[in-house]
A.B. asks: 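Got a structure here, written out as structure tokens. Questions coming.
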Amino acid sequence: MDWLTTVDHKKIGILYLIAGGFFFLVGGLEALLIRIQLWKPLNDFVSADTYNELITMHGTTMIFLAAMPMLFALMNAVVPLQIGARDVAFPFVNALGFWTFFFGAVLLNVSWFTSTGAPAAGWTAYAPLSGPAFSTGHGMDYYVLGLQIAGIGTLIGGINFLVTIINMRAPGMTFMRMPMFTWASFITSALILFAFPALAVGLAALMFDRVFDANFFDPNNGGNAVLWEHIFWIFGHPEVYILILPAFGVISEVISTFSRKRLFGYSSMVFATILIGFLGFMVWAHHMFTTGLGPVANALFSIATMLIAVPTGIKIFNWIFTMWGGSIKFTSANLYAVGFIPTFVMGGVTGVMLAAAPADFQYHDTYFVVAHFHYVIVGGLILGIFSGLHYWWPKMFGRVLNETLGKWTFWMFYIGFHLTFFIQHFLGLLGMPRRIWTYLDGLGFNEMNLISTIGAIMMGIGTIMFFLNVVITNAKPQNAADDPWEDGRTLEWTIPSPPPEYNFKQTPLVRGYDAYWKEKMDGHKGMTPAEPIGSIHMPSPSILPFTMSLGLFITGFGLMYSRDWTFITEHIGFYVAGLGLLITFGSMFLRSVYDDHGFHIEPEELEDKGVKA
Amino acid sequence: MMNRWQFFKRLAPLLALMVLVLSACGRADLSALNPQGPVAQEQFGLMKLAFSIMIGVVVIVFALCLFVIVRFRRRKGDKSIPKQVEGSHKLEIIWTVIPIILLIILGVPTVQTVFNLSKDHSNDPDAVKVIVTSHQYWWEFEYPDLGIKTAQELVIPKGKTITIEAKTADVLHSFWVPSLAGKIDTNPGGSTNKMFFSAPKEGVYLGKCAELCGPSHGLMDFKVKSVDDASFDRWAAALQEPVAMPSDPAIAAAFESKCLVCHAVGDKGGPLYPNLTGIGSRDSVGGILINTDDPKYSNEGSTYDNLHRWIENPDDVKPGNLMGKIDLTQQELDGIAKYLSELTLDYEK
């Protein structure tokens with residue numbers, strides 16, 4: 001019950017981690033089934049329909065239900081601590097964000113257990129294949145409504161972090177003293193603010209097409225199928241940067257800590273992050289070079305896309321020069337971070353290659369693209385998340401993950417990853433399109449696909465090893481030090497692991513970049529407080545975020561089945577949808593009329609270290 | 001400095017080798033790395049340029065990484081604190097400017113190629129015009145100037161410019177012949193996409209659908225057959241001639257009542273689904289069952305066997321296709337398969 005009502009950012013972070021971790025396993029299982037289907041030519045391990053459901057759900061799950069929540073887990077766990085805040089700006093909204101994500105995710109995955117199956121039009125859901133004429137059954141309805149509900153969570157989460165980072169920094173923490181992970185989270189949140197509404201609009205339009213017979217994307221009735229591509233990628237391209245920027249932030253923190261050096265070129269890092277975020281919005285049409293937008297559009301989007309290589313290159317070299325002259329310690333967290341650099345460079349250079357439009361006519365929709373974006377998303381983002389998890393695990397849970405097992409996991413996962421995806425570049429260039437259920441014998445694809453599948457199994461084993469590590473570590477006593485890596489540089493390492501409910505007994509005074517490191521170098525034991533010890537105001541827990549999201553979940557079901565349940569009584573689906581909305585709006589009403597002042601933690605309670613999160 | 005030069009000297013042959021290896025990779029009728037026509041050649045040229053630049057970048061970054069990791073490992077018990085460097089304007093400017101220069105080297109030919117490959121040849125009197133219409137899961141090729149329509153096998157005269165108008169009858173597909181030219185989407189609705197290519201050498205080139213279009217997306221293959229001018233003319237003429245019905249009247253009746261409702265042969269039949277004229281001389285049935293008298297793989301068989309297999313249960317070969325199982329007796333099935341396998345166009349010398 002405690003977990004259903006919590007509004008504490010640290011607990012919500014853990015909730016995000018558990019849910020995201022679970023869906024990471026689900027998405028990974030889907031990936032393995034895909035790879036098993038492709039291990040030999042003309043295999044019929046799964047049917048063509050099931051295969052398309054697998055690729056659609058693998059993409060959707062990994063992006064929206066695994067990667068995003070795991071990033072939100074890290075952001076929730078770390079950002080308020082790094083800026084010296086006691087919580088996020090709107091703790092209630094933070095909880096609401098988690099529960100809408102969770103119920104959206106559950107709704108999407110319920111589709112597996114229905115008679116018409118999961119969505120099968122690809123995670124990009126290109127119209128008209130995703131429309132009512134070609135995707136009969138409810139698969140795409142689950143996609144549309146599940147993502148819509150989950151998207152609400154992401155959007156309000158992003159807004160929450162924007163406000164938190166702008167408003168709740170400790171005294172002295174100017175923008176140019178903010179840790180890199182906080183900066184990355186800040187820019188990511190800004191991207192969410194601008195990108196997710198586009199997705200919401202697109203999904204709403206598609207929902208109208210599917211549920212209410214509208215014709216936004218139906219060319220036979222005056223709609224436009226290419227319009228969907230634009231709307232989707234205006235969201236979809238920034239989404240890539242929403243995913244990768246926090247990973248950049250993690251890498252900056254980890255490399256700097258384990259090199260015992262401050263980040264090389266901090267201001268250029270900040271500038272590069274902002275520039276990447278900005279350019280991320282300018283390049284969506286590079287997913288559409290083959291759509292036929294004409295040479296002028298193709299040339300402009302080619303050049304704009306290539307430009308992103310410049311700020312990204314700045315970041316890569318800054319990381320390398322952070323290590324240069326440092327004293328590098330290879331913990332598991334740092335292995336992932338150091339392994340990230342060359343891997344991400346490879347994903348980056350193939351990105352520049354893809355940006356050359358006429359060459360993209362050959363690469364587009366082949367395994368070359370599959371290889372490219374897995375290098376960026378797995379080799380970038382997932383390595384970043386693993387790095388961040390190993391790094392902040394002691395802060396989140398008070399226990400250090402097993403280092404030996406962690407290193408084994410890294411090598412298993414890393415080698416498996418390169419085995420799986422490096423070879424796919426060549427598969428694509430040799431003529432293998434992506435998203436194909438099977439391939440003919442004698443085309444020369446056999447051996448490479450087999451190798452790729454073996455790599456995927458290794459990644460699977462690596463992932464299981466990580467979860468094993470979590471279980472083993474969880475059985476150990478909670479005895480991590482405040483600063484377990486001994487070279488901690490930022491504010492989160494100044495407080496106990498795990499932190500007390502109120503994070504900071506006294507808000508710290510920040511006197512420079514890498515605030516904690518600065519105090520250490522000046523010979524101080526901890527931070528100078530910016531306020532006397534006093535009574536701390538805390539928000540009350542609430543079940544309302546849960547019920548609001550549950551209401552939306554019920555509404556989703558009602559809308560989807562509005563036409564099927566007519567045998568019970570006419571319009572029953574709409575009544576169910578109405579009931580769901582009633583629960584949601586009822587909860588909102590309660591929230592409005594009930595004046596909740598929260599509670600206070602008094603100074604006496606702060607003295608004995610009793611108040612734990 | 002000396003060291004650095006040696007490093008580059010070692011690197012240069014590696015790069016050269018890489019480009020050589022790349023330029024002879026994969027099946028000549030399928031691989032984008034083994035271009036067989038000027039359009040694919042131009043695209044490959046751009047790919048080679050990008051490859052060379054990017055391999056250079058990767059090698060340098062890897063070398064730097066490796067050096068740093070080895071050189072600056074923490075020794076056991078080392079408690080010293082390294083100098084806290086803020087950054088270096090000089091270095092940061094260097095790694096801003098160098099990528100910009102590399103991007104200009106890549107960007108200029110990219111823009112040139114974009115405009116080169118978007119030229120409209122549709123008014124060129126020497127060009128052969130083809131309207132490509134994609135369907136779930138087959139391809140229709142119409143030659144408006146010649147007044148003929150065929151399916152699954154695009155026969156072209158070698159060396160001539162072929163201009164493509166790409167459309168779709170249902171969802172998004174993408175027309176792609178890797179060894180001849182990159183792909184172009186076929187958009188639903190009014191917008192028609194144009195592209196052109198040519199094949200200077202005779203041969204059969206494999207084409208594929210590149211855009212997810214339903215369960216059998218991966219099986220939506222077709223062939224481009226480049227033949228000499230005289231053969232092409234004979235082919236176009238033969239395609240317009242009337243076709244004899246099966247000699248056995250029972251088979252003929254079944255064929256007319258059950259097949260010609262949707263399909264056409266010669267001047268008879270319906271235009272809904274692939275035109276079957278000359279199906280016996282095509283390289284494959286359904287684009288994926290390869291016709292050969294000496295089958296090596298399970299997707300290969302004699303023309304008769306392949307047709308038999310397809311007609312018996314099309315859904316087994318291409319799940320989700322719209323033909324469905326046709327109600328035929330064993331005799332009708334055998335007879336129709338035999339008739340179709342002998343329905344050839346003898347246009348090649």
Side-chain angles (χ1 to χ4, degrees), chain A residues 42 48-49 52 122 126 128-129 134 219 224-226 260-262 264-265 268 290-292 295 298-299 302-303 306 309-310 313-314 316-317 320 323-329 338 341-342 345-346 349 353 356-359 361-362 364-365 429-431 433 435-438 440-444, chain B residues 26-27 30-33 43 46-47 50 54 57-58 61-62 64-65 68-69 72-74 78 81-82 84-85 87 92 95-96 99-100 103 106-107 110-111 113-115 117-118 171-172 174 178 182-185 187-189 193 208 210-213 215-218 288 297-299 319-320:
Chain A
L42 295 166
D49 281 308
N52 284 357
Y126 273 13
L129 185 61
F134 295 98
N224 188 337
V226 175
R260 253 184 208 160
K261 260 188 74 194
R262 83 170 256 163
F264 193 90
S268 67
T290 66
T291 303
N298 281 1
S302 275
I303 300 301
M306 289 179 186
V310 176
I314 294 176
I316 299 279
F317 284 106
I320 294 177
M323 295 192 281
W324 192 289
S327 165
I328 309 171
K329 187 177 177 193
V338 174
I341 296 177
V345 168
M346 284 174 64
V349 295
M353 291 170 67
F361 295 162
Q362 290 286 16
H364 185 70
D365 268 332
L429 295 171
L430 299 186
R435 293 168 158 174
I436 56 171
W437 163 55
T438 188
L440 301 183
D441 206 352
L443 294 179
Chain B
R27 279 176 58 149
L30 177 60
S31 171
L33 297 180
Q43 289 164 338
L46 196 59
M47 284 159 73
M54 295 312 154
V57 170
V58 166
V61 174
F62 279 22
L64 265 175
C65 260
V68 168
I69 293 170
F72 299 105
R73 311 177 68 90
R74 188 176 303 175
D78 183 2
I81 307 254
Q84 303 292 303
V85 187
E92 285 162 52
W95 59 62
T96 309
I100 292 177
L103 291 185
L106 181 62
T110 296
V111 173
T113 313
V114 166
F115 284 92
L117 295 185
S118 73
V171 300
L172 270 169
S174 193
K183 56 191 78 64
I184 189 83
D185 290 357
N187 294 325
N193 280 328
K208 291 177 174 294
E211 189 69 72
L212 179 66
C213 57
S216 277
H217 156 60
I288 46 170
Y297 305 114
S298 58
N299 51 296

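The figures that follow rest on heavy atoms only: side chains count, while hydrogens, waters and symmetry mates do not. Numbers restart at 1 for each chain; the letters A, B, ... are given by sequence-line order, proteins then strands.
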A.B. asks: Under 4.5 Å, counting heavy-atom pairs only, tell me which of B/Val85, B/Ile81, B/Leu64 racks up the most with chain A.
C.D. replies: B/Val85
A.B. asks: Working to the nearest 0.5 angstrom, can you tell me the gap between B/Leu212 CG and A/Trp437 CH2?
C.D. replies: 14.0 Å
A.B. asks: Give, as side chain, backbone, both or neither, the part of A/Ile314 having an atom under 4.5 angstrom from any heavy atom of chain B.
C.D. replies: both
A.B. asks: Contact part of B/Ile184 toward chain A, heavy-atom cut-off under 4.5 Å: side chain, backbone, both or neither?
C.D. replies: both
A.B. asks: Please rank A/Ala309, A/Ser302, A/Ser268 by heavy-atom pairs under 4.5 Å with chain B and give me the top one.
C.D. replies: A/Ser268
A.B. asks: Can you tell which of B/Gln43, B/Lys183, B/Met54 has the highest number of heavy-atom pairs within less than 4.5 Å of chain A?
C.D. replies: B/Lys183
A.B. asks: I'd like to know which of B/Val111, B/Leu106, B/Leu103 tops the heavy-atom pair count under 4.5 Å against chain A.
C.D. replies: B/Leu103
A.B. asks: Of the backbone (N, CA, C, O) and the side chain (C-beta and beyond), which part of A/Ala357 lies under 4.5 Å from a heavy atom of chain B, both, or neither?
C.D. replies: both
A.B. asks: Heavy-atom distances under 4.5 Å only: say whether B/Arg27 touches chain A with side chain, backbone, both or neither.
C.D. replies: side chain
A.B. asks: Just so I understand: if I count every heavy-atom pair under 4.5 Å between each of B/Ala210, B/Pro99, B/Ser174 and chain A, which residue has the most?
C.D. replies: B/Ala210
A.B. asks: For B/Asp78, which atoms come within 4.5 Å of any heavy atom of chain A: side chain, backbone, both, or neither?
C.D. replies: both
A.B. asks: Is A/Leu443 in contact with chain B via its backbone, its side chain, both, or neither, using a 4.5 Å heavy-atom distance?
C.D. replies: both
A.B. asks: Output the option from A/Ala299, A/Ser327, A/Ala225 having the highest count of non-hydrogen pairs under 4.5 Å with chain B.
C.D. replies: A/Ser327
A.B. asks: Among A/Ile436, A/Ile303, A/Ile320, A/Leu129, single out the residue with the greatest number of heavy-atom pairs under 4.5 Å to chain B.
C.D. replies: A/Leu129
A.B. asks: At a heavy-atom separation under 4.5 Å, does B/Asn187 approach chain A through its side chain, its backbone, both, or neither?
C.D. replies: side chain
A.B. asks: Do the non-hydrogen side-chain atoms of B/Leu33 and A/Leu430 ever get within less than 4.5 Å of each other?
C.D. replies: yes
A.B. asks: Hey, what do you get for CG (B/Asp185) to OG1 (A/Thr290), rounding to the nearest 0.5 Å?
C.D. replies: 3.5 Å
A.B. asks: Look up atom CD1 in B/Ile69 and atom CD1 in A/Ile341, then write down how far apart they are to the nearest 0.5 Å.
C.D. replies: 7.5 Å
A.B. asks: Where does B/Val68 contact chain A at under 4.5 Å (heavy atoms): side chain, backbone, both or neither?
C.D. replies: both
A.B. asks: Test your reading of the model: is there a side-chain donor-acceptor pair from A/Asp49 to the backbone of B/Pro215, 3.5 Å cut-off?
C.D. replies: no
A.B. asks: Considering only heavy atoms, which portion of B/Pro319 lies under 4.5 Å from any heavy atom of chain A: side chain, backbone, both, or neither?
C.D. replies: side chain
A.B. asks: First locate atom OG1 of B/Thr110, then atom CE of A/Met353, and finally report the distance between them rounded to the nearest 0.5 Å.
C.D. replies: 11.0 Å
A.B. asks: Name the region of B/Glu92, side chain, backbone, both or neither, that has any atom closer than 4.5 Å to a heavy atom of chain A.
C.D. replies: side chain
A.B. asks: Quick check on A/Phe134 against chain B: is it the side chain, the backbone, both or neither that has a heavy atom closer than 4.5 Å?
C.D. replies: side chain
A.B. asks: Quick one: of B/Phe72, B/Tyr297, B/Phe115, who has the most non-hydrogen atom pairs under 4.5 Å with chain A?
C.D. replies: B/Phe72
A.B. asks: B/Trp95 versus A/Ile316: any side-chain heavy-atom pair under 4.5 Å?
C.D. replies: no
A.B. asks: Counting only non-hydrogen atoms closer than 4.5 Å, does A/Tyr126 touch chain B with its backbone (N, CA, C, O), its side chain (CB onward), both, or neither?
C.D. replies: side chain
A.B. asks: Below 4.5 Å from any heavy atom of chain A, which atoms of B/Ser31 appear? Answer side chain, backbone, both or neither.
C.D. replies: both
A.B. asks: As an exercise: rank B/Lys208, B/His217, B/Met47, B/Arg74 by heavy-atom pairs under 4.5 Å with chain A and give me the winner.
C.D. replies: B/Arg74
A.B. asks: Under a 4.5 Å heavy-atom cut-off, does chain B meet the side chain of A/Thr438, its backbone, both or neither?
C.D. replies: both
